[in-house]
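Please read the structure below before turning to the comments.
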Amino acid sequence: MDLSLKKHYNMSYVVKTTDKIVIEIIKKIDQRSLTGQEKYGDTMMSEVNSGKKDLHRFMVDVQEEMTDMLLYMESARHCLDIEVDKVRQERMNIIAQNGNDGLHYKDMEVIDEEIL
């Protein structure tokens with residue numbers, strides 16, 4: 001990258017945080033930008049400056065990305081449910097292998113809890 005572009009985009013900025021999570025996110029944003037530039041052959045700033053995309057088009061893009069996010073979240077929830085069910089079943093199998101059928105719990109007298 002030539003120096004004029006470096007100066008224009010303030011590439012001399014130094015990340016000051018020591019928060020590893022923030023640094024990891026910055027790296028991911030940078031990598032995502034590079035992937036997008038390779039895929040689309042353009043930067044977001046050049047799309048703005050050239051008029052290739054206007055505010056409406058960016059809003060449509062945001063809406064599409066948010067819809068994708070909701071789909072990913074719902075899929076992740078289903079994956080989590082499957083994992084929890086799997087762990088729960090494995091635990092029940094271990095309990096059953098130890099000869100515990102769990103029936104004795106229904107006959108237990110529950111005494112009011114006390115605050116310790």
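Values below: all heavy atoms of this structure, side chains included; hydrogens, waters and symmetry mates excluded. Note that the structure is a prediction, hence the values are computed from the model and not measured.
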Linked hydrophobic residues, I94 as query - side chain contacts closer than 4.5 Å: none
What one should report as the nearest heavy-atom pair of T17 and I23 is O-CD1, 3.6 Å
Under a 4.5 Å side-chain heavy-atom rule over Ile, Leu, Val, Met, Phe, Trp and Tyr, are F58 and V60 clustered together? no
I29 backbone acceptor or donor facing S33 side chain under 3.5 Å: no
With no hydrogens and no angle check, just 3.5 Å: does a side-chain donor-acceptor pair link N93 and Q97? no
Going by the rule side-chain hydrogen bond (donor to acceptor under 3.5 Å, both in side chains), which residues pair with D19 if we only count those two or more places apart in sequence or in a different chain? none
For R88, enumerate each residue passing the salt bridge (charged side-chain N to carboxylate O under 4.0 Å, His left out) test, keeping only those at least two apart in sequence or located in another chain. D85
Take a 6.0 Å sphere around CD1 of I21 and say whether it holds more than 12 heavy atoms from other residues, nucleotides or ligands. no
Only pairs at least two apart or in different chains count here, so list each salt bridge (Lys or Arg N to Asp or Glu O under 4.0 Å) that has a residue in residues 28-42. D42-K52
Any residue meeting salt bridge (charged side-chain N to carboxylate O under 4.0 Å, His left out) with E24, in chain and number order, not counting sequence neighbours: none
Grouping ILVMFWY residues whenever side-chain heavy atoms fall under 4.5 Å, the cluster of M66 otherwise contains V62
Who else is in the cluster with Y72 when I, L, V, M, F, W and Y are joined by side-chain contacts under 4.5 Å? none
Residue pairs meeting salt bridge (Lys or Arg N to Asp or Glu O under 4.0 Å), one or both in residues 56-71, sequence neighbours left out, come to K53-D61, R57-D61, R57-E64
Excluding sequence neighbours, so at least two apart, what forms side chain to side chain contact (heavy atoms under 4.5 Å, CB included) with D81? none
Can you name the salt bridge (charged side-chain N to carboxylate O under 4.0 Å, His left out) partners of R77, sequence neighbours left out? E74
Other ILVMFWY residues reachable from M59 by side-chain steps of under 4.5 Å: L55
Would a single hydrophobic cluster contain both V87 and V84, if residues Ile, Leu, Val, Met, Phe, Trp and Tyr are joined by side-chain heavy-atom contacts under 4.5 Å? no
Around Y40, counting heavy atoms of other residues, nucleotides and ligands shown, do more than 12 lie under 6.0 Å from its OH? no
Sorted by chain and number, sequence neighbours left out, side-chain hydrogen bond (donor to acceptor under 3.5 Å, both in side chains) with E47 holds for none
